[in-house]
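Here the structure is laid out as structure tokens; the discussion comes afterwards.
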Amino acid sequence: MSIEYVLVSEGEQDEPIELPTEEDGSLLLSTVTAQFAGASGLKYRAGGRLRGLRLVEDRVSPPPGGWAAHRYFCAFPRASAPSPRPRCSDLIVLGLPWKTGEDAVREYFSSFGELLMVQVKRDAKTGLSKGFGFIKFAEYEAQLRALGRRHMIDGRWCDVRIPNSKDGGAAAHRKVFVGRCTESITADDLREYFGAFGQVTDVFVPRPFRAFSFVTFLDPEVAQSLCGQDHIIKGVSVNISTASPKRERDSRSQLLGWGLLDGAAPRVYSWPPEAWPAHSQHSGHAALAPHTPHSAAPDTKPYLKYE
DNA sequence: GTTGAGCGTT
């Protein structure tokens, strides 16, 4: 059997390329992938149906009627192939009452799912709790349920977060600094306003009042897209910038982000434009953040977390 | 009044 050329295209609608067969009449998959990187096999349309070609080792066998009877196109591994579920990480529990031990922590969080690990950190000498601990869930869904909402444990609001030591700085790209805040802008205001741009996973408002806040998004691209902009929230023009220490931000890229290097006028954004009567008393957001303490509990912690 | 509390003896 002599070499012949087979018409192969990447997708069914794409322009075909002639690929040479081997002496035995087979077509090497490596010949296919040389032109169509990532292809895992070949298929063709037979009487309205898709039909796959036999593949053994590197050799694709011709269909029963021979290569010339059809045009072929590539099969690719599923992009959304059985995606390995994200693994659970250790989670830090912050703000535990001094009296709370591992038994109470375990009992509380086991309602979210099976726990693989519970620790309450203690002073080595005194044995007294340091007020934080670590947990690990068996199921990622349980981790998602526990993250990003606050937890009332033994009478105190506690936070569950990915430990700083584990997130590799990824959180920084999802977080923005909101400068020029006034005291009238609450965590709920920020969550509602910025929720229009993407899912907000954390809002930090320092207490006592300081003229800034932090807003963390689920999607780092949302956070990055907002950096450098001015927005009007409840009539207040706030400035959004990257959430990193000041001295690390004094760079050309930041100036570019502000639109100050290419001559563009700084823009002021407001979304939605009519949503913020200047003096509205914020209300009715409990449904958005059902676990937010509001005035229900004396809460000395400076920030509110959501979802 | 423009940069956050606290982060793991093994």
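Remember, it's a predicted structure, so these values are computed and weren't measured experimentally. Chain naming here is simple, since letters A, B, ... match the order of the sequence lines and numbering starts at 1 in each.
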Under 3.5 Å donor-acceptor pairs involving side-chain atoms of residues 213-227 of chain A, not counting sequence neighbours:
{"from": "A/D219", "atom 1": "OD1", "to": "A/E221", "atom 2": "N", "distance (Å)": "2.8"}
{"from": "A/Q224", "atom 1": "NE2", "to": "A/H173", "atom 2": "O", "distance (Å)": "2.8"}
{"from": "A/S225", "atom 1": "OG", "to": "A/E221", "atom 2": "O", "distance (Å)": "3.4"}
{"from": "A/S225", "atom 1": "OG", "to": "A/V222", "atom 2": "O", "distance (Å)": "2.7"}

Sequence neighbours left out, cut at 3.5 Å: what donor-acceptor pairs do the side chains of residues 32-40 of chain A make with other protein atoms?
{"from": "A/T33", "atom 1": "OG1", "to": "A/L29", "atom 2": "O", "distance (Å)": "3.3"}
{"from": "A/T33", "atom 1": "OG1", "to": "A/S30", "atom 2": "O", "distance (Å)": "3.2"}
{"from": "A/S40", "atom 1": "OG", "to": "A/A75", "atom 2": "O", "distance (Å)": "3.2"}

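Note: CD1 (A/I92) to C1' (B/dG4) measures 15 Å, nearest angstrom. Taking atom NZ of residue A/K136 and atom P of nucleotide B/dG8, one finds them 17 Å apart after rounding to whole Å. In this entry the distance linking CG of A/L96 with C1' of B/dC7 reads 12 Å, nearest Å. The CZ-P distance, from A/R122 to B/dC7, rounds to 18 Å in whole Å. Atom CG in A/D123 sits about 14 Å away from atom P in B/dG8, given to the nearest Å. Nucleotide B/dA5 holds its P atom 12 Å from the CG atom of A/L94, rounded to whole Å. B/dG8 atom P lies 16 Å from atom CD of A/E102, rounded to whole Å. As a whole-Å value, the separation of A/N239 CG from B/dT3 C1' is 12 Å.
A salt bridge links A/E12 and A/R45; the closest N-O separation between the charged side-chain nitrogens and carboxylate oxygens is under 4.0 Å. Between A/D202 and A/R174, none of the side-chain N atoms (NZ, or NE/NH1/NH2) sits under 4.0 Å from a carboxylate O, so this pair counts as no salt bridge.
There is a side-chain donor-acceptor pair under 3.5 Å between A/S26 and A/D24.
Looking at heavy-atom distances under 4.0 Å, A/F212 makes contact with sugar-phosphate atoms alone, never a base. Counting any heavy atom pair closer than 4.0 Å across all strands shown, A/R180 reaches a base atom.
A/L42 has its side chain within reach of A/V8: a pair of non-hydrogen atoms, C-beta onward, lies under 4.5 Å apart.
In the set B/dC7, B/dA5, B/dT10, the nucleotide with an atom closest to the side chain of A/Q119 is B/dT10. Considering only side-chain atoms of A/F177, the nucleotide from B/dG1, B/dA5, B/dT3 that sits closest is B/dT3. Relative to the side chain of A/K175, the nucleotides B/dG6, B/dG4, B/dT9 differ in distance, and B/dG4 lies closest. Of the candidate nucleotides B/dG1, B/dG6, B/dG8, B/dG1 has the atom nearest to the side chain of A/F209. When the nucleotides B/dG6, B/dT9, B/dT3 are ranked by their closest atom to the side chain of A/K130, B/dT9 comes out on top.
Applying the 90° cutoff around 0 to the glycosidic angle, B/dG6 is assigned anti.
Below the 3.5 angstrom threshold, one finds no donor paired with an acceptor across the side chain of A/T242 and the base of B/dT3.
Taking side-chain N and O atoms only, A/K121 has a distance below 4.0 Å to OP1 or OP2 of B/dT9. Checking the phosphate oxygens (OP1, OP2) of B/dC7, no side-chain nitrogen or oxygen of A/R161 falls inside 4.0 Å.
Residue A/G179 is the one, among A/G179 and A/S165, whose nearest nucleotide of DNA chain B lies closer to the 5' end (criterion: closest heavy atom).
Aromatic stacking is not marked for A/F132 over B/dG8, as the cut-offs of 5.5 Å for the centres and 30° for the planes do not both hold.
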